[in-house]
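Letters A, B, ... are given to chains in the order of the sequence lines, protein chains preceding strands, and every chain is numbered from 1. Below, each value reflects all heavy atoms present in this structure, side chains not excepted, and no hydrogens, waters or symmetry copies.
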Amino acid sequence: MSDVRVRFAPSPTGFLHVGGARTALFNWLFARHAGGTFILRIEDTDIERTREEWVTGIQSTLRWLGLDWDEGPFRQSERAHLYAEAADKLVASGHAYREGGAVRFRPPAEGATTFTDVIRGDITVDNSTLEEFVIVRSTGHPTFYLANAVDDVDMGITHVIRGEDLLPSTARVLLVREALGTTEQPVFAHLPLLVGQDRQKLSKRHGDVALEDYRDKGYLAEALRNYLALLGWAPRDGREIVPIDDVVAEFRLEDVTKAAAFFDHQKLDHINGEYIRALPVATFVRESLPWLETDPPWPPENFDADVFDRMAPLVQERVKTLAEVPAMVDFLFLDEPVIDEKAWNKAMKPPAADVLDDAVAAYETTEWTSEALHGVTLAVAVGHGLKLAKAQAPIRVAVTGRTVGPPLFESLAVLGRQRVLDRLQAARARLAEQAAE
RNA sequence: GGCCCCAUCGUCUAGAGGCCUAGGACACCACCCUCUCAAGGUGGAGACACGGGUUCGAAUCCCGUUGGGGCUGCCA
């Protein structure tokens with residue numbers, strides 16, 4: 001193990017959002033690449049806003065993403081004595097003073113603070129531009145400036161990798177460290193911010209920022225992790241679907257870009273689709289089951305795992321998220337297909353009625369395989385001077401309710417002769433009614 | 001306002017002075033494949049913010065302008 005020690009230090013005042021997850025990922029990638037130590041530190045100094053569900057939620061989300069930590073979680077709320085000691089020391093040395101129970105740090109009036117950022121180069125801030133800041137609240141709890149400074153020193157953090165929004169606080173924290181007697185500095189890497197459509201820092205008001213929601217919306221952890229890695233970093237060879245081991249092997253902080261990045265759901269969808277299609281079918285089936293068994297759009301007792309197994313390979317290559325799976329196969333488990341009226345109107349134009357009649361006749365006697373169904377349906381189409389593409393439309397709508405879906409003849413084969421005939425006849429009857437009106 | 005950061009197609013990026021007529025991916029458009037839809041294939045449209053330098057030569061270096069963002073909390 002190398003000397004590299006990094007930490008992800010979230011504040012548990014909310015769920016882990018995509019920006020935080022990206023920061024955690026980059027810390028983890030750097031640590032794993034360097035053979036260093038990845039530490040999880042919960043910065044819960046703001047006890048008013050801390051909630052235990054967030055503390056556990058952040059951890060479970062990190063685990064879901066596969067970001068395992070080597071030390072921690074450490075909680076600043078359990079290290080109060082360290083900060084109190086440091087505050088006393090700063091007051092005694094005159095770097096800070098008490099006021100109304102709080103402790104305020106006084107930056108030097110002269111000089112400048114310089115630090116190294118591997119992404120942005122050296123950055124220098126005139127100390128005179130810094131105003132006094134609170135390091136201990138009147139409640140006795142430390143603020144970020146104190147706790148962060150104390151812990152990074154105490155935990156031997158060598159590289160501070162975090163969002164660019166923390167960049168302005170760097171000089172302040174460094175001054176606190178110096179006042180405490182630590183002149184060595186960690187190497188900094190301020191990651192470009194993740195922004196929304198409005199180019200503003202991603203925050204809760206943008207919506208769709210809670211990482212755990214992505215799991216619930218049918219995204220695979222591997223896909224999300226892959227996409228997140230591409231926000232501010234790119235492999236040398238230009239690949240975009242990159243196995244995590246390759247990312248770890250190639251990741252370098254110096255290659256991280258500087259400009260803010262927009263979190264593009266469309267690209268995430270594309271990458272998620274790539275990952276879904278790459279899954280072994282059995283895995284795809286297993287991952288899909290929760291979506292099929294929880295709150296299905298059909299009577300739960302109708303679900304048949306064997307039926308789904310047969311359709312799974314055809315569904316797998318057509319969805320971008322697992323959440324889309326139920327709608328792809330609902331016609332198999334619904335007592336009656338839910339007819340989309342727009343689809344109906346589009347597909348049930350002449351000679352749809354005749355096509356349905358011929359299909360019924362053909363399907364009553366044909367061998368019940370997708371190949372045979374394909375053959376007899378083609379004959380029906382030819383009989384009407386239609387291309388198969390045209391002729392299959394009314395059949396598809398009658399049986400599945402939609403104009404799009406998995407390949408029709410496989411669908412019919414799986415559904416079974418009787419139910420297919422029932423649905424074709426029901427559609428035929430409805431057409432007759434419409435004609436009579 | 002002050003301090004700091006940033007600036008290549010709509011989006012994510014490649015580009016570390018000549019390899020750039022600026023490459024790839026997503027999205028978009030067309031065509032092909034095709035039982036629908038996807039997937040796949042081919043092609044297309046689409047960017048170096050602007051102005052000065054430096055240099056034989058700049059997307060790449062420097063300065064300025066403009067634009068965007070972050071911070072400016074007893075949040076982190």
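With rounding to whole Å, A/Leu194 atom CG is found 17 Å from B/rC6 atom P. Whole-Å rounding puts the A/Asp122 CG to B/rC5 P distance at 11 Å. With rounding to whole Å, A/Asp198 atom CG is found 18 Å from B/rG10 atom P. Taking atom CD on A/Gln200 and atom P on B/rG69, their separation rounds to 5 Å, with Å as the unit.
Of the possible polar contacts, one joining the A/Gln392 side chain to the A/Ala389 backbone as a donor-acceptor pair under 3.5 Å is found. Of the possible donor and acceptor atoms, one in the side chain of A/Thr170 sits under 3.5 Å from a partner among the backbone N and O of A/Leu167. Within the 3.5 Å criterion, the main-chain N or O of A/Met155 finds a donor-acceptor partner in the side chain of A/Arg5.
Using N1 to N3 plus N6-O4 or O6-N4 for Watson-Crick, or N1-O2 and O6-N3 for G-U wobble, each under 3.5 Å, B/rA59 pairs with nothing. Pair assignment for B/rG40 gives B/rC32, based on Watson-Crick or G-U wobble hydrogen-bonding distances that are each under 3.5 Å. Remark: B/rC71 base-pairs with B/rG2. Criterion, Watson-Crick or G-U wobble with two distances under 3.5 Å. The partner of B/rA7, taking Watson-Crick or G-U wobble pairs whose two distances both stay under 3.5 Å, is B/rU66. Pairing for B/rA45 is absent, judged as Watson-Crick or G-U wobble with the two contacts each under 3.5 Å.
The number of heavy-atom neighbours closer than 6.0 Å to CD of A/Gln425, taken from other residues, nucleotides and ligands shown, is above 12.
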Considering only nitrogen or oxygen atoms on both sides, find all protein atoms under 3.5 Å from nucleotides 11-18 of chain B and state each distance.
residue, atom, partner, partner atom, Å
B/rC12, OP1, A/Arg199, NH1, 3.1
B/rC12, OP1, A/Arg199, NH2, 3.2
B/rC12, OP1, A/Phe262, N, 2.9
B/rC12, O2', A/Leu230, O, 3.1
B/rU13, OP1, A/Gly232, N, 2.8
B/rU13, OP1, A/Thr257, OG1, 3.4
B/rG15, OP1, A/Arg236, NH1, 3.2

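Between B/rC6 and B/rG53, the distance separating the two P atoms is 25 Å to the nearest Å.
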Next on the checklist: What does the B/S/- profile of nucleotides 71-76 of chain B look like, 5' to 3', with a 4.0 Å heavy-atom cutoff to protein?
Outcome noted: S--BBB

Checklist outcome for this item: Per-nucleotide protein contact along nucleotides 34-46 of chain B, 5' to 3', at a 4.0 Å heavy-atom cut-off (B base, S sugar-phosphate only, - neither), is -BBBBS-------

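A/Tyr219 does not carry A/Arg215 over the face of its six-membered ring by the limits of under 6.0 Å from the centre and within 45° of the normal.
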